[in-house]
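Here's the structure we're looking at; comments come further down.
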Amino acid sequence: MPVSDLANPHRFLRFARWGVPLFALLAVALIALGLTLGFLAPPERDQGESVKIIFLHVPSAWLSMGIFAFMAIAALGTLVWRHPLADVAQKAAAPIGAAFCVVCLVSGALWGRPAWGTYWQWDGRLTSVLVLLLIYLGIIALWRAFEEPGLAARAVSVLTLAGSINLPIIKFSVDWWSTLHQPASVLRFGGPTIHPAFLTPLLVSALGFAFLFGALLMAAMRNEILRRRVRTLRILAASGAQ
Amino acid sequence: MRAMGIIIARDLRLGMRAGGALGAGLIFFLSVVMVSAFAIGPDLGLLSRVGPAILWIGALLASLLGLERIFAADHEDGSLDLLQLAPLPMEAVAAAKGIAHWLMTGLSLAVAVPVFGILLGVSGKALFAAALLLLVGTPAITFLGLIGAAVSVALPRAGMLVAILVLPFTIPVLIFGAAATESAIAGEVFGTPFKLLLATALFGFVIGPVAAAAAIRLARS
C-alpha cells in the first residue's frame, strides 16, 4: 500500500487501528532496551552516574525540534498541497512537541544542577529552547482560539512556518554563543565525539522515543478526525432540525 | 507607491480621530517605567544601571499593545475586503499599514524615551543611544507583529493572544537592542550588536508584510 493512500481519513483510521499498538509496542521495547543499555554503561569520567539522564534529555531535545520541523512540513502540506490530513497532523503534533520540550527543559535543569552547579542559565541553547516552548504554546493557543478547523489550520500554518526560523537558531546556538551548553557532539561534521558505549543506547532510546511520538501522534490524529466528524454531524443535525 | 501613501494617511487619520492608539501606547509606556521604578525602589544609581533595559521592555510591551487593531478594525467594517479587491498587492497593503502603525506607536515611543529616561536617572549619552536604537528596533517589533495581527484577524477578541504569539519572535530584537544600548553607553555606537539589530529590523521588514499578506489571503479564501 503506498503511503499516499493514507491521505484518505478512512484508510488512515484503518491503518491507525493496528499502527498505534504496533508503534507503542516498538516504543516500549526500544526505550526499555535503550535505557537498560544506558544504565549498564560505565559511569562517565567527570560526571559519574548523573550523565545517564542524557538518554532521556537528548532524545526529547531532538524530538522537540523534529516535531516542530514535522509541523512546518505539515503546514506546507496544508497551504500548498491542501492535503486533508496535514492540518490534523499539525494540530495533533503540537501538544506532543510541547510536552517533549518541557521534558527536555526539566531534565536539562536536573542534569545542569550536578554538572554545571545551576538549574538555569541564560545561555544561548537554553534560552532558544525556552523560546521554542513559548512558540509551541502560542500555536496551541491559536488552535484553540478558532472555532472553524479549516480557518485555524491556515492561520496556524503561517505562524508555524514563521516560527521555524527558530530551529536553525537552536541548532547553531551552541556554536554562536559558546556560553555554557556543550557544543554539538552527535550530529556534527567529522562524526560523533561520544564514546560508543553511550552513543549506542542513546540512539536506541532516541529511536524508541520517535516511535512513541508516532504512536501518540496517530492516536491524537484519530481522536481529532473523530472529533471533527462529531462536529460535522452536530452541524448537520442542527441544520436538519430547523 | 501613491496607493500606499493613501493607506498610510488614512490609517493615521483614523488613529488620530479615534484618539486611542497614539496616546494609549505612550501612557502605557510611562506606566511600565513608573511601575518598574516602584518595584526596584527609588535608588537612582541602580535605576540608571537597569534604566535602558526598562526602557526597552516598556517599548516592547507598548508596541505589542495596539497590534491587534492593525487589521481587525478593517476586517470588521469590511474595508479589508475592498483592499483585497484593489489592484495593490496585499503585501504592499500590509507594509503600508505596518508603517502607519509604527508612525503612531513606535515613533512616539522612541521620541518619548529621553523624557522617560530622565525619570530613571539614565545618563545623557545613554538616553540618546537608547532613543536612536529604539528608532531602529521598534519598526522590527511592529513588522514582526504584523504576522500575529494578520494570523488572528478573524478572531473577535485577539488582544492577549496576539501578544503571546508575537512576543517570542521579538526576543532577538530585545537581545540585540539591549546589547547595542550597552555598547553605545560604553562608547562603541556602531558595533556588532547594532548591526545585528539593523539586520533583524530589515529581516522583519521583508518577512513581516509577506507572511501577513499570506495569512490574510488564506483567512478569506
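Labels below follow one simple rule: chain letters A, B, ... track the order of the sequence lines, proteins then strands, and each chain is numbered from 1.
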(request) Please check if atom CZ in A/R229 has more than 12 non-hydrogen atoms from other residues, nucleotides or ligands closer than 6.0 Å. (result) yes
(request) Measure from the side-chain N and O atoms of A/R154 to the backbone N and O of B/L218, and report whether any donor-acceptor pair falls under 3.5 Å. (result) yes
(request) Could you check which of A/G163, A/A152, A/A162, A/G150 has the highest count of heavy-atom pairs closer than 4.5 Å to chain B? (result) A/A162
(request) Please answer whether the main-chain N or O of A/F68 pairs with a side-chain N or O of A/Y136 as donor and acceptor at a distance below 3.5 Å. (result) yes
(message) Counting only non-hydrogen atoms closer than 4.5 Å, does A/L79 touch chain B with its backbone (N, CA, C, O), its side chain (CB onward), both, or neither?
(response) side chain
(message) Regarding A/S157 and A/Q90, do their side chains bring together a donor and an acceptor under 3.5 Å, going by distance alone?
(response) yes
(message) Between B/L165, B/I175, B/L155, who has the most heavy-atom pairs with chain A when the cutoff is under 4.5 Å?
(response) B/L155
(request) Sort A/I169 into side chain, backbone, both or neither according to what part of it lies under 4.5 angstrom from a heavy atom of chain B. (result) neither
